[in-house]
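Here the structure comes first, spelled out in structure tokens, and everything after it is commentary.
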Amino acid sequence: MPAEISVRLPDGSTRTLPEGSTGLDLASAIGARLAKAALALDGGDGLVDLARPLQDGATVRIVTGDSDEGRALLRHSTAHVMAQAVLRLWPGAHLAIGPAVQDGFYYDFELPGGARFRDEDLERIEAEMRAIVGEAQPFEREERSIDDGLAFFADQPFKAEIIEAVRDRAASAEDAGEVGGEGAAVSIYRNAGFADLCRGPHVPATDRLGHFKLMRVAGAYWRGDEHRPQLQRIYGTAWESKAALEAHLHRLEEAERRDHRRLGAELDLFSFPEEIGSGLAVFHPKGGVVRRVMEEHSRRRHEAAGYEFVYSPHITKADLFEVSGHLDWYEESMFPAMELDGEHRYFLKPMNCPFHILVYRSRPRSYRELPQRMFELGTVYRYEKSGVVHGLTRVRGMTQDDAHIFCTREQMDGELRSLLGFVLELLREYGLDDFYLELSTRPPGKSVGSDEEWGVATEALRTAALEEGLQLVLDEGGGAFYGPKISVQARDAIGRTWQMSTIQLDFQLPQRFGLTYVGADNERHRPVMIHRALFGSVERFFAVLLEHYAGALPLWLAPMQARVLPVRDDHGPYAEEVAARLRRDGRRVDVEHAAEPLGARVRRGRLEKLPYLLVVGDDDVAAGTVGVNARGADAPERGVPVDELAARLSAEVPV
RNA sequence: GCCCGGGUAGCUCAGUGGCAGAGCAGCGCACUCGUAAUGCGCAGGUCGUGGGUUCAAAUCCCACCUCGGGCUCCA
């Protein structure tokens, strides 16, 4: 009688199989359907190939494609197949890395003779990949020593570099997906004449794949370092089923439909005239209304929260940014200097903080007036590299809802706590309600101040963040040159995250500018400075709201809140009366006269995403009512008295 | 800044060496209508900019500007 082993399944049951049985044998024993869906085995400490023998007594779980880890696995294997296809089409290509990423995968290549992928190549590669999938090639794992591995990949310099890094125990997290084996060995996966350095696991064979699409080609630096060779990266997406792939492509279309750049043009909100320059927007009248309402609400809330309003110019002599350190640490992001009389250099400001500091320093300060909170909608200019400008979310001229809080060290913790609460409350008022926090620490080699100060500041931020009870993610080295920061990341209606508010703690600038206050002890003390912007920039926040709401802004923010549509020309005077009545309540209302059929005007109003279309005809003129066609409603509502409508609208506008 | 792909009418796009096109939007006239496109007509383009090749360039070549997707960076 052959020896047997038993394994425990997630439901608590156990299975007994002949010794030497593999994950695939187990799946087959459970059911043919599972055997077909199985991709890998979770043997307790990580995923392994189905072809591996089972360990007696282990608790195991079969991984299928309909889980996050299963999808990551098949994406990784699809990347592998793509590399195989590229190598068939471009013999001699060098392979770098090919991990699974959110929704898909990529692989980085260096083509022989410095060749570049072109868009048309994607089709050829995809066709080759489908051929490989059709060949149902099994993935076979083998382990080799470091030296064997180096010899094996002698003609693959990037793979060799990865192996050397493993040998030198300097493997970064990024390499972890590429190498396997324990310490002294690396693993290689082979299928049909192709072999790749890879930790694995992989799906059993290439025919488990197939629901993929190559998306685009891009450049990417080897190891993300712009001083190292630029590789050719191909991005693809891959899913466990045709339906899942199609659903993903549909989500991409949905995101495109919400794109603020598209909505901005369609709804006549803003534009980027080429004549002005890259990354510099103009807001049109309708966008101007939205912006004004956003800003007015913000001002009111800041006033209520104890902020004082200051104003500062857009340009300054160089001295100011020399003292602040910006010219040492930030100059590459600043527009070049304006030279005047060969005597003074002037700069457009990239940040508002030094100006607020000068306001603080304009006279002696007492501890009695701290904390002092200075707020400004301050327009700043940053010379962003040409490849990074993007709609309203990454521009070269922007207005920050910027404030600087000057306080004592003792007040610091309390200020940070109340500030975080204020930020989140305000963002919720604009309709965002799903957040997490990110703590950015000292950037190595690009900062000022002592380790002790950075440590204190970072801990103060961490404490305040933890008290808020939100998820906290660490962003190592992501702080500003003068201090660590917390940023509030918001998830929008379709789950994308955006960096919104930033809160930075700063011990450096008060020192550089020699800021002081006189304490109760009649001695001079150094205040602490907190930099914070809640929208981040008004432009970016505008873009985020537009995408979050897919252009259908809530009533209080909508550029036009209602449009009155007279059925016939002779209902025009009544339509104007209705509009005038609503305007008395402060509503933004217009009238579109009956030059076209009602259906056409309703359609136009819908496309403009107007919250309310108000139709008035014979019945309404007679009864003093309107027909209410609300955005998002199934059917129009007839015969609503005008005063009742006015009351409804007022109730819907919170401010 | 680097890699790939674009730029033709206000918008979406067709046009790959031989007269610059369509739909929508705009304007005019007619239609006066109860909830997602009334009809007819008119007007609208130095084909991103500048060079070059050619008898002839939207089309081929070069440079630049600009937009999109990435890398790096970031509010």
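Throughout, protein chains are lettered first and strands after them, A, B, ... in sequence-line order, and every chain is numbered starting at 1.
Ranking B/rA75, B/rU66, B/rU35 by closeness to the A/Ser278 side chain, first place goes to B/rU66. Among B/rC73, B/rA37, B/rU32, the nucleotide with an atom closest to any side-chain atom of A/Ala600 is B/rA37. For A/Asp618, the side-chain atoms get nearest to B/rG34 when compared with the rest of B/rU72, B/rG69, B/rG34. Among B/rG69, B/rU35, B/rC71, the nucleotide with an atom closest to any side-chain atom of A/Val388 is B/rC71. Comparing B/rA37, B/rC71, B/rA75 by their nearest atom to the side chain of A/Arg233 picks out B/rC71. Distances from the side chain of A/Arg116 to the nucleotides B/rC4, B/rC73, B/rG68 place B/rC4 closest. Nearest nucleotide to the side chain of A/Thr502, out of B/rC4, B/rA75, B/rG34: B/rA75.
The pair A/Asp121-A/Arg118 does not count as a salt bridge, with every side-chain nitrogen at least 4.0 angstrom from each carboxylate oxygen. A salt bridge does not link A/Glu126 to A/Lys213: none of the charged nitrogens lies less than 4.0 Å from a carboxylate oxygen. Using a cutoff of 4.0 Å between basic side-chain nitrogens and carboxylate oxygens, A/Glu253 and A/Arg257 are not scored as salt-bridged. A salt bridge does not link A/Glu332 with A/Lys385: every distance from a Lys NZ or Arg NE/NH1/NH2 to an Asp or Glu carboxylate oxygen is 4.0 Å or more.
Between A/Tyr330 and B/rC74 there is no side-chain N or O to OP1 or OP2 distance below 4.0 Å. Side-chain nitrogen and oxygen atoms of A/Arg118 include at least one within less than 4.0 Å of the OP1 or OP2 phosphate oxygen of B/rG5. For the pair A/Lys385 and B/rC71, the criterion of a side-chain N or O lying under 4.0 Å from OP1 or OP2 is not met. Between A/Arg606 and the phosphate of B/rU35, there is no side-chain N or O to OP1/OP2 separation shorter than 4.0 Å. Within the structure, a side-chain polar atom (N or O) of A/Ser386 is placed less than 4.0 Å from OP1 or OP2 of B/rG1. Contact check, A/Arg568 against B/rC33: a side-chain N or O comes under 4.0 Å of OP1 or OP2. The side chain of A/Ser333 places no N or O atom within less than 4.0 Å of a non-bridging phosphate oxygen (OP1 or OP2) of B/rC73. Not one side-chain nitrogen or oxygen of A/His571 sits closer than 4.0 Å to the OP1 or OP2 atom of B/rU32.
Toward the 5′ end of RNA chain B lies the nearest nucleotide of A/Ala265, the other residue of the pair A/Ala265 and A/Leu392 mapping further downstream. Place A/Arg601 and A/Gln499 on RNA chain B by their nearest nucleotides, and A/Arg601 ends up nearer the 5' end.
Nucleotides B/rU66 and B/rC40, compared at atom P, are 44 Å apart to the nearest Å. Separation of the C1' atoms belonging to B/rC74 and B/rA58 is 38 Å when rounded to the nearest angstrom. The P atoms of B/rC29 and B/rG23 are separated by 22 Å, rounded to the nearest whole Å. The separation of B/rA36 from B/rC31, taken at their P atoms, amounts to 25 Å, rounded to a whole angstrom. Going from the P atom of B/rC13 to that of B/rG7 covers 10 Å, rounded to whole Å. Taking atom P on both B/rG26 and B/rG50, the two are 32 Å apart, rounded to the nearest angstrom. The separation of B/rG21 from B/rG45, taken at their P atoms, amounts to 13 Å, rounded to a whole angstrom. Nucleotides B/rA63 and B/rC4 place their P atoms 12 Å apart, quoted to the nearest Å.
The pairing partner recorded for B/rG17 is none, the criterion being a Watson-Crick or G-U wobble arrangement whose two distances lie under 3.5 angstrom. B/rG39: Watson-Crick or G-U partner is B/rC29, with both key distances under 3.5 Å. For B/rU53, there is no paired base (Watson-Crick or G-U wobble, both distances below 3.5 Å). B/rA9 is unpaired under the criterion used here, namely a Watson-Crick or G-U wobble arrangement in which both key atom distances are under 3.5 Å. Look at B/rC74: it lacks any Watson-Crick or wobble partner with both distances under 3.5 angstrom. Look at B/rG45: it lacks any Watson-Crick or wobble partner with both distances under 3.5 angstrom. The nucleotide B/rG68 finds its pairing partner in B/rC4, both defining distances of the Watson-Crick or G-U wobble pair being shorter than 3.5 Å.
By the 6.0 Å and 45° rule, A/Arg291 stacks over the aromatic ring of A/Phe283.
Distance CZ (A/Phe270) to P (B/rC67): 13 Å, rounded to an integer number of Å. Residue A/Asp570 contributes atom CG, which lies 11 Å from atom C1' of B/rC33 at whole-angstrom precision. Taking atom CZ on A/Arg216 and atom P on B/rG5, their separation rounds to 14 Å, with Å as the unit. As a whole-Å value, the separation of A/Asp634 CG from B/rA36 C1' is 14 Å. The distance between atom CG of A/Asp475 and atom C1' of B/rA75, rounded to the nearest whole Å, is 14 Å.
Residues A/Ile530 and A/His404 are not in side-chain contact: their nearest non-hydrogen atoms beyond the backbone lie 4.5 Å or more apart.
Residue side chain A/Asp620 reaches the base of B/rG34 through a donor-acceptor N/O pair under 3.5 Å, judged by distance alone. Side-chain atoms of A/Glu266 stay outside donor-acceptor range of the base of B/rA25, with no qualifying N/O pair under 3.5 Å. A donor-acceptor contact under 3.5 Å links the side chain of A/Tyr221 to the base of B/rG1.
A/Val380 comes within contact range of no nucleotide atom at all, as no heavy-atom separation falls under 4.0 Å. Among the atoms of the strands shown, base atoms are found under 4.0 Å from some heavy atom of A/Glu596. Among the atoms of the strands shown, none is found under 4.0 Å from any heavy atom of A/Gly277. Contact annotation for A/Asp225: no contact, since no heavy-atom pair falls under 4.0 Å across all strands. Residue A/Gly599 is classed as a sugar-phosphate contact, given heavy-atom separations below 4.0 Å to backbone atoms only. Within the 4.0 angstrom heavy-atom criterion, base atoms lie near A/Ala595. In this structure, A/Gly572 reaches neither bases nor backbone, as no heavy-atom distance under 4.0 Å exists between it and the strands shown.
Results of the salt bridge (Lys or Arg N to Asp or Glu O under 4.0 Å) test with A/Glu608 over A/Arg563, A/Arg603, A/Arg601, A/Arg631 single out A/Arg563 as the only residue that passes. Of the residues listed (A/His250, A/Arg251, A/Arg258), the one engaging A/Glu254 in a side chain to side chain donor-acceptor pair (under 3.5 Å) is A/Arg258, and it is the only one.
For the residue pair A/Asp108 and A/Trp222, no side-chain donor N or O sits within less than 3.5 Å of a side-chain acceptor on the partner.
At least one donor-acceptor pair under 3.5 Å links the side chain of A/His260 to the backbone N or O of A/Leu392.
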